[in-house]
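In what follows, chains are A, B, ... by sequence order, proteins preceding strands, each numbered from 1. Just so it is clear, the model here is predicted, and its values are computed rather than measured.
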There are 2 protein chains.
Amino acid sequence: MTTGTGRGGRTPTPRGERRRAALIDAAAAVLEDAGFAAVTHRAVAARAALPLAATTYYFASRGDLVTAAVERIGARHREHAHAVLHGLPPAPQPDEIVADVLVSLVAGADEPDPARLLTFYERYAQAGRQPGLRERVGAWTDELVDQTAGVLRHYGLPATEPLPRLLVAMVDGLLLAGLVGADRAALRQVRDDVRQVLGAIRVGPTG
Amino acid sequence: MTTGTGRGGRTPTPRGERRRAALIDAAAAVLEDAGFAAVTHRAVAARAALPLAATTYYFASRGDLVTAAVERIGARHREHAHAVLHGLPPAPQPDEIVADVLVSLVAGADEPDPARLLTFYERYAQAGRQPGLRERVGAWTDELVDQTAGVLRHYGLPATEPLPRLLVAMVDGLLLAGLVGADRAALRQVRDDVRQVLGAIRVGPTG
DNA sequence: TTCCAATTGGGACGACTGTACCACATCGGA
DNA sequence: TCCGATGTGGTACAGTCGTCCCAATTGGAA
């Protein structure tokens, strides 16, 4: 219960924690490679080069394992966001650069990666059916909206609600559409679309 | 091969076709109720009150059954779109009404239904991993963009690309975010957001 | 009516799944 | 040194899955 070790309130060991972390890493890797359905005890154990029983020892159920993997991915996304926000180019920048920043923020990586994005949006569907995940995903989205507002303000663009929220929604929708597009060009197109919208925002008052 | 009956080039019977249709209906119902993973032979057969073997008799594989269910849902979505487009209120309309029309068009129902929308977006994730589905979903999205452009033109709003595409993407993103929101209010909020954007579009030139 | 393809439905198979069990190893503090 | 908590790993079990098989039945054309 204390830290999540399989058995009761035992004291975990550093080595044990390392193994547990390795399992979470493996679960996250499987999740991003092949989706939620592929995150089985056996697949994760094999990926981590650990025996099957390790998964049941460190996680009470498959759901816990999946949740841990989602949080791990979320943490990485958040790290990337912080890196982006700290390395923000100084204020006067053409819309191309601002669009790059925003897309990179939402996509959680410098370059939108189809496999990763697939998991990203599959998570929404999962969250809709699992009450536990719903809150996490909701909070994640809120965070993204706040960060987007910060970027807009930083570049002197209007950032009053609901504009940032609408912008994030649009980028989400565009990335989603880009995923079913034939090639990577559809994903690159997203940046041009966002740039165009930013240009329009500079003129119109509301958005 | 001819019409899709399980066995070779046999001549299907009206009753057989009815049974096949019943299975597709059941598969679509299960799909919208509980998602892709829940569409199993047994679940579909039980839903249709038919023996298990009926599913393997009429469909070569589970994938075929799922694909048929997706197409059935797509057909319903398309019917709804046509109904909306034919019952379009005459040209001068406040943005509230236009927003209603657009959201209803994208959501595929008069009122956005969480369960249905969940399947709607889960489909994107599935399409990303199944080449067969990808084309269908891509075509579906293109159709939606064209219909949206038609509605915009009908109400004297700018409808040059990429505006309709961006609008559809935004509605998709908003509906997605509304799904992980706590209650239905988040989904109703979508219409207000769209209305606001329409107001901005009337002013700004590009979008 | 007769007949044969179309259909039906019950059951079985092997391959997975999550999870539990248990004998063994290991390691840190008394 | 010992000893018990912690960690390890091989295996087993019950359940569900997709798919297949096959005997019985049906219904429309001859």
*Has the side chain of A/Thr55 got a donor or acceptor atom that lies under 3.5 Å from a matching backbone atom of A/Ala45?*
no

| said: Does C/dT17 have OP1 or OP2 under 4.0 Å away from a side-chain N or O of A/His41? | reply: no

Against the side chain of B/Tyr57, the closest entry in C/dT8, C/dT19, D/dG7 is C/dT8

Here the distance between atom P of D/dT8 and atom CD of A/Glu17, to the nearest Å, is 11 Å

Against the side chain of A/Tyr58, the closest entry in D/dT8, D/dT19, C/dG9 is D/dT8

A/Leu23 atom CG is separated from D/dG9 atom C1', nearest whole Å, by 13 Å

Test side-chain contact (heavy atoms from CB on, under 4.5 Å) on A/Val151 and A/Val84; report intermediate values, then the result. CA-CA 10 Å; A/Val151 171; A/Val84 166; 5.8 Å; no

key: Phosphate OP1/OP2 of D/dG10 contacted by A/Arg42 side-chain N/O (<4.0 Å)   = no

Taken to the nearest whole Å, CZ/B/Arg62 to C1'/C/dA15 is 15 Å

Quiz item: Would you say B/Glu135 has more than 12 foreign heavy atoms packed within less than 6.0 Å of its CD?
Solution: no

Whole-Å distance, A/Leu50 CG to D/dG10 C1', equals 14 Å

In terms of relative ring orientation, are B/Tyr121 and B/Tyr124 parallel, tilted or perpendicular, with 30° and 60° separating the classes? parallel

Next item on the list: Using a 4.0 Å heavy-atom cut-off across all strands, classify B/Leu52 as base, sugar-phosphate, or nothing.
Entry: base

Contacts of A/Ala53 and A/Thr40 projected onto DNA chain C by closest heavy atom; the upstream (5') one is A/Thr40

Rounded to whole Å, the CZ-P distance (A/Arg18 to D/dG7) equals 12 Å

Here the distance between atom P of D/dG7 and atom CZ of A/Arg20, to the nearest Å, is 11 Å

| task | Determine: side-chain N/O of B/Arg19 to OP1/OP2 of C/dT8, distance under 4.0 Å, yes or no. | result | yes

- Message: Using a heavy-atom cut-off of 4.0 Å across all strands, would you classify B/Ser61 as base, sugar-phosphate, or nothing?
- Response: sugar-phosphate

Salt-bridge present (A/Glu111, A/Arg191; N to O < 4.0 Å): yes

